[in-house]
Amino acid sequence: KAGVTQTPRYLIKTRGQQVTLSCSPISGHRSVSWYQQTPGQGLQFLFEYFSETQRNKGNFPGRFSGRQFSNSRSEMNVSTLELGDSALYLCASSPGQANSPLHFGNGTRLTVT
Amino acid sequence: GNSVTQMEGPVTLSEEAFLTINCTYTATGYPSLFWYVQYPGEGLQLLLKATKADDKGSNKGFEATYRKETTSFHLEKGSVQVSDSAVYFCALSDRGGNNRLAFGKGNQVVVIP
């Protein structure tokens with residue numbers, strides 16, 4: 001069974017631009033969550049989608065948004081990039097039941113210059 | 001809100017030494033507790049979990065016991081190997097049926113031959 005796939009692996013953007021990250025979950029998984037990982041703040045929850053609906057949202061500004069498609073693939077968008085958005089963005093999928101383990105992708109490394 | 005605290009700083013130890021990584025949590029209700037491991041260049045992998053008080057999670061020689069009275073979930077391994085070098089994250093999820101995890105800051109473990 002293929003794991004969680006995130007594309008691209010690396011991105012370099014300029015302040016003020018926008019970026020879209022993609023995540024393909026494990027086949028059959030209906031929940032996709034996004035996390036931001038930085039050295040200072042650690043791992044922080046961005047949002048979770050289940051069956052194309054946002055089920056949970058973390059404490060990030062509205063510049064961070066996401067969506068999920070009918071095949072469970074998910075995209076995350078960040079608009080008006082700031083230097084502080086530089087981070088590793090991790091996507092995780094799960095079947096969606098309570099306490100089912102999350103399966104993480106290898107992440108997208110975003111650098112904002 | 002829910003939070004997880006891990007001991008500060010990296011952990012460096014020799015092969016076959018005993019490993020302990022402390023984890024304490026603050027949460028309302030009865031969360032589930034997890035340890036995730038991140039090997040260099042890879043995404044997070046679930047190492048073990050415990051879903052109720054006094055449960056012991058175990059995997060690959062690692063163990064952790066859910067202690068409600070001390071709100072702790074310390075990770076232990078009796079004899080580490082060089083291949084255990086990684087970053088270890090303690091995490092919790094509430095029982096609201098969602099997949100929103102609160103992570104600790106993580107501990108870098110370096111095992112020296």
Side-chain angles (χ1 to χ4, degrees), chain A residues 2-7 9-10 21 23-26 29-51 53-60 68 72 74 87-109, chain B residues 1-10 21 23 25 27 29-53 55 57-60 64 66 73 86-108:
Chain A
V4 177
T5 304
Q6 291 187 247
T7 56
R9 285 299 307 273
Y10 302 94
L21 313 182
C23 173
S24 294
I26 291 172
H29 284 188
R30 296 167 64 191
S31 167
V32 173
S33 305
W34 289 89
Y35 289 81
Q36 182 195 65
Q37 186 178 21
T38 59
Q41 299 299 317
L43 280 152
Q44 294 185 286
F45 174 80
L46 281 154
F47 29 67
E48 180 203 7
Y49 286 86
F50 181 81
S51 294
T53 301
Q54 189 179 84
R55 187 159 72 169
N56 275 288
K57 188 177 188 306
N59 299 320
F60 278 81
Q68 187 180 34
S72 292
S74 177
L88 180 67
Y89 290 89
L90 293 168
C91 166
S93 76
S94 81
Q97 293 91 346
N99 302 314
S100 50
L102 302 187
H103 297 261
F104 283 83
N106 288 345
T108 293
R109 172 76 62 186
Chain B
N2 295 343
S3 66
V4 175
T5 301
Q6 289 182 237
M7 50 195 277
E8 292 287 330
I21 304 176
C23 170
Y25 67 89
Y30 304 94
S32 291
L33 301 173
F34 307 85
W35 277 99
Y36 280 83
V37 58
Q38 188 174 33
Y39 297 102
E42 299 183 16
L44 279 76
Q45 302 173 26
L46 177 67
L47 182 60
L48 53 84
K49 70 174 186 179
T51 57
K52 62 182 188 296
D55 266 3
S58 61
N59 186 26
K60 299 181 181 180
Y66 189 143
F73 193 54
V87 182
Y88 293 81
F89 294 91
C90 185
L92 69 82
S93 71
D94 61 39
R95 290 187 173 275
N98 62 67
N99 287 313
R100 178 177 185 156
L101 293 182
F103 282 91
K105 290 291 180 70
N107 286 103
Q108 173 85 52

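First the proteins, then the strands, lettered A, B, ... as listed; each starts at 1. The figures here come from the full heavy-atom set of this structure, side chains too, leaving out hydrogens, waters and symmetry mates.
Heavy-atom distances place no part of B/Q45 under 4.5 Å from chain A, backbone and side chain included.
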Please lay out, stage by stage, how B/L101 and A/E48 fare under the test side-chain contact (heavy atoms from CB on, under 4.5 Å).
-> CA-CA 10 Å; B/L101 293 182; A/E48 180 203 7; over 6 Å; no
Any chance you could lay out the side-chain contact (heavy atoms from CB on, under 4.5 Å) test for A/L90 and B/L44, step after step, and finish with the verdict?
-> CA-CA 9 Å; A/L90 293 168; B/L44 279 76; 3.5 Å; yes
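Considering all non-hydrogen atoms of both residues, B/R100 and A/K57 come closest at NH1-O, 3.0 Å. Scanning all heavy atoms of the two residues, the minimum distance from A/Q41 to B/K105 falls at O-CE, 3.7 Å. A/N106 approaches B/G43 most closely through the heavy-atom pair OD1-N, 3.0 Å.
The CZ atom of A/F104 lies 9.0 Å from the CD atom of B/Q38; values are rounded to the nearest 0.5 Å. Annotation: the span from B/L46 atom CG to A/S94 atom OG amounts to 11.5 Å, rounded to 0.5 Å.
Between B/F103 and A/Y35, the ring center distance clears the sub-6.0 Å criterion.
Chain B forms more heavy-atom pairs under 4.5 Å with one residue of A/L102, A/V4, A/L88 than with any other, namely A/L102. Each of A/H103, A/Q6, A/R9, A/Q37 has some count of heavy-atom pairs under 4.5 Å with chain B, and the biggest count is that of A/Q37.
Annotation: ring-ring contact (aromatic ring centres under 6.0 Å, His included) contacts of A/F60 (sequence neighbours excluded): A/F64.
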